There are 2 protein chains.
Amino acid sequence: MASSHAESPGAAGRPLTDFEQVLLGVIADEPRSGYGLKKLFNSSPASVYQPSPGALYPALRRLEERGLLHADKQISSGRRTLRLYQVTESGLTVYREWLRQPVVPETVGSDLGQHLMRFSLMENYLERAEVIAFLMDLGDALDGFVRGMEQFVAARQGTLRQHALLAIEHGVVIHRASLDWVRSAMAELAEAPSVP
Amino acid sequence: MASSHAESPGAAGRPLTDFEQVLLGVIADEPRSGYGLKKLFNSSPASVYQPSPGALYPALRRLEERGLLHADKQISSGRRTLRLYQVTESGLTVYREWLRQPVVPETVGSDLGQHLMRFSLMENYLERAEVIAFLMDLGDALDGFVRGMEQFVAARQGTLRQHALLAIEHGVVIHRASLDWVRSAMAELAEAPSVP
DNA sequence: CCCCCCATGTAACATGTTACATGATTGA
DNA sequence: TCAATCATGTAACATGTTACATGGGGGG
């Protein structure tokens with residue numbers, strides 16, 4: 001039942017899940033319903049993430065209960081109730097704080113997807129200079145990660161089995177490719193100044 | 001309480017988690033205790049995965065209850081009880097089945113880590129020819145994934161915003177790098193015939 | 001004596017998956 | 001009328017995270 005008591009206005013609580021943050025960001029770009037979000041994710045390139053209804057609807061309710069989202073109960077063209085979500089002001093604040101969070105080098109090895117998601121959502125809310133600074137930090141973190149992996153390999157020269165070594169090299173290769181991407185993205189953004 | 005009733009011998013039940021499979025594989029390589037596994041993961045390159053005790057110990061118990069692992073209760077050098085796990089025969093069977101599972105092209109975009117883990121563990125249990133066949137399939141799947149991404153981009157030429165397009169290109173770049181890795185790994189394995 | 005490492009685990013809590021339930025509307 | 005799509009959600013279950021609890025043993 002939609003408890004209609006507005007929650008903590010400052011939005012201080014347990015930090016949001018990545019998934020919750022992404023929902024917030026997507027809805028900040030454009031109001032959506034649960035079903036609309038489902039369609040959006042389904043149409044995404046080759047299964048980036050397909051949230052199950054049991055994950056999606058409760059997540060939206062949680063965001064609503066925190067006062068970060070607000071649902072307009074609508075009856076779209078005679079249909080049954082459609083809950084069209086919009087971000088509230090505190091939702092927008094939380095979202096922007098997330099976008100501006102610094103890149104933590106230690107997590108870049110396991111969290112690359114989150115950074116990409118953030119980069120993608122940044123387009124409408126951050127200025128070009130901030131985006132470029134973000135990419136710079138991401139590049140540094142990736143560079144450090146690659147160096148760390150290479151040192152790890154060098155330190156265990158000979159002790160690693162062939163497949164383990166190859167698997168680690170896969171990690172190196174992947175992150176070096178990410179780094180190259182960061183550099184080319186920076187170059188592209190630097191020379192084509194589109195209005196945010 | 002360690003219920004000592006041996007479970008279903010054929011090991012038919014809910015399929016194992018990736019994490020459970022990895023535990024099974026690591027223990028198949030060499031008997032380990034919970035703490036030994038913790039140390040092993042901690043020493044892994046730059047936080048591949050750090051299982052929390054609340055994930056690790058219950059997982060080991062589940063594998064034991066299924067009859068896939070067996071614990072020798074030991075008192076190592078006067079210390080408190082140490083549970084040294086070994087794979088049982090049915091555990092080894094399940095493990096080998098996992099190693100031989102075909103590459104599913106649809107999942108390769110989100111599951112690359114699992115395939116790498118499998119590749120790494122294959123070294124001791126599969127023959128060189130099987131490993132190369134696995135890499136061949138993985139390469140085909142990656143190639144298909146990259147083509148699919150490129151088609152996706154081509155189909156929406158112009159409709160994608162700049163950052164979204166760049167993020168997708170990141171996916172392309174990453175998976176192409178993976179594909180290159182697969183090819184070089186195949187070449188390396190083909191010419192250096194070490195005994196499995 | 002105190003601290004850190006060995007070594008196990010539990011409790012509370014949140015979250016996710018799968019599968020099912022419900023009902024309205026549109027088009028063949 | 002029948003099927004598909006729109007649109008919401010719940011129930012059962014398993015799993016994970018964080019934080020805490022417990023206790024022995026070795027070294028400074």
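Proteins come first, then strands; the chains are lettered A, B, ... in the order of their sequence lines, and each starts at number 1. Since this is a predicted model, take the numbers as computed values, not measurements.
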- Distance in angstrom units between B:L60 CG and C:dT8 C1', rounded: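 So the two atoms are 11 Å apart, to the nearest Å.
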- Between P of C:dC6 and CG of B:L82, the distance in whole Å: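 Answer to the nearest Å: 12 Å.
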- How close or far is atom P of D:dC6 from atom CG of A:L37, stated in whole angstroms?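 Interatomic distance, CG of A:L37 to P of D:dC6: 14 Å.
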- Separation of atom CZ in B:R83 from atom P in C:dT8, rounded to whole Å: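 In whole Å, C:dT8 P and B:R83 CZ are 8 Å from each other.
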- Task: Can you tell me the distance, in whole Å, between the CG atom of A:L84 and the P atom of D:dC6?
- Result: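 About 16 Å, once rounded to whole Å.
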- Task: Considering only Ile, Leu, Val, Met, Phe, Trp and Tyr, and joining two whenever side-chain heavy atoms are under 4.5 Å apart, list the other residues clustered with B:Y57.
- Result: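 In the cluster with B:Y57 are B:Y35.
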- Between C1' of D:dT5 and NZ of A:K38, the distance in whole Å: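 From A:K38 NZ to D:dT5 C1': 10 Å.
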- Item | B:Y95: partners by ring pair (Phe, Tyr, Trp, His ring centres under 6.0 Å), with sequence neighbours left out |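 Only B:Y125 meet the ring pair (Phe, Tyr, Trp, His ring centres under 6.0 Å) criterion with B:Y95.
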- Message: In this structure, how many angstroms lie between the P atom of D:dA7 and the NZ atom of A:K73, rounded?
- Response: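 It works out to 16 Å between those atoms.
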- Query: Could you give all pairs that pass the side chain to side chain donor-acceptor pair (under 3.5 Å) test and reach residues 135-150 of chain A, with sequence neighbours left out?
  - Reply: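 Qualifying pairs, neighbours excluded: A:D143-A:R147, A:E150-A:R176.
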Review item, side-chain donor-acceptor pairs of residues 27-34 of chain B, under 3.5 Å, at least two apart:
residue	atom	partner	partner atom	Å
B:D29	OD1	B:N124	ND2	3.1
B:D29	OD2	B:N124	ND2	3.3
B:S33	OG	B:G36	N	3.0

- Residue closer to the 5' end of DNA chain C, B:K39 versus B:Y85 (nearest nucleotide):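 Counting from the 5' end, the first nearest nucleotide belongs to B:K39.
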- Query: Within the structure, does a side-chain N or O atom of A:Y35 lie under 4.0 Å from either OP1 or OP2 of D:dT8?
  - Reply: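 So the side chain of A:Y35 is outside the cut-off, no N or O lying under 4.0 Å from OP1 or OP2 of D:dT8.
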- Message: For B:E130, is the CD atom crowded, meaning more than 12 foreign heavy atoms sit under 6.0 Å from it?
- Response: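 Yes.
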- So which pairs with a foot in residues 161-188 of chain B pass ring-ring contact (aromatic ring centres under 6.0 Å, His included), sequence neighbours left out?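 Qualifying pairs, neighbours excluded: A:F119-B:H163, A:H170-B:W181, A:W181-B:H170, B:F119-B:W181, B:F145-B:H175.
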- Message: Counting primed atoms plus P, OP1 and OP2 as sugar-phosphate and everything else as base, spell out the protein contacts along nucleotides 14-21 of chain D at 4.0 Å heavy-atom distance: B, S or - for each nucleotide, 5' to 3'.
- Response: SSSBBB--
